[in-house]
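Keep in mind that the numbers below use all heavy atoms, side chains included, and drop hydrogens, waters and symmetry copies.
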Amino acid sequence: MNDATHRIFVPIDGPVLGESTFTIRNEGAPELVLPPVPEPTFVSLGDDPVLMTKNAAGELSVPLSQGEQQVLVQHRQALRRG
């Protein structure tokens, strides 16, 4: 990973929304496995939205092509406010 940026949006009520953008250089991995927390809600590679599916292990993933790619992941999470 060459670069990563994270943004967090905290609404008055409801889940916290986040957006992570990063650049990866894929040298042969067939997929990008997404962590379950925070909960991914949207993924795009470059400017194209990508369908999230579950792989054989039951993990949420998106297919990757080879080479350098810009990835955007939007996610939500429960966060306590004080």
Side-chain angles (χ1 to χ4, degrees):
M1 186 178 329
N2 298 331
D3 180 41
T5 303
H6 306 282
R7 294 176 192 84
I8 302 293
F9 305 94
V10 182
I12 293 174
D13 58 353
V16 172
L17 306 175
E19 183 175 275
S20 299
T21 55
F22 50 95
T23 303
I24 60 171
R25 177 174 293 282
N26 183 21
E27 295 183 4
E31 65 187 7
L32 174 64
V33 175
L34 302 168
V37 177
E39 178 188 356
T41 57
F42 174 83
V43 177
S44 70
L45 297 174
D47 293 327
D48 300 321
V50 180
L51 181 64
M52 295 180 283
T53 60
K54 290 196 175 183
N55 62 17
E59 302 166 310
L60 198 57
S61 66
V62 295
L64 287 177
S65 55
Q66 289 192 348
E68 189 169 289
Q69 298 170 66
Q70 290 288 117
V71 181
L72 173 120
V73 179
Q74 294 177 343
H75 44 81
R76 68 177 157 228
Q77 58 188 308
L79 186 67
R80 296 179 58 128
R81 295 174 193 67

Side-chain contact test, heavy atoms from C-beta onward, threshold under 4.5 Å: evaluate it for Thr21 versus Arg7 and give yes or no. yes
Between Val16 and Leu72, is there shared hydrophobic-cluster membership here, with clusters defined by ILVMFWY side-chain heavy atoms closer than 4.5 Å? no
At what distance, to the nearest 0.5 angstrom, does CD1 of Ile8 lie from CD of Gln77? 5.5 Å
Student check: side-chain heavy atoms of Leu34 and Ser61 closer than 4.5 Å: no
Identify the heavy atoms of Gln66 and Gly28 that sit nearest to each other, and give their distance. NE2-CA, 3.6 Å
Heavy-atom closest contact (Val73 atom, Pro40 atom, distance): CG1-CB, 4.3 Å
Thr41 side chain vs Gln74 backbone, donor-acceptor pair below 3.5 Å: yes
Between Glu31 and Leu64, is any pair of side-chain heavy atoms under 4.5 Å apart? no
If you round to the nearest 0.5 Å, how far is CD of Glu39 from CG of Leu17? 10.5 Å
Taking all heavy atoms of Pro63 and all of Leu51, pick out the closest pair and write down the distance. CD-O, 4.2 Å
Nearest 0.5 angstrom please: Phe42 CZ to His75 NE2, how far? 13.0 Å
State the CG-CG distance between Asn55 and Leu60, to the nearest 0.5 angstrom. 8.5 Å
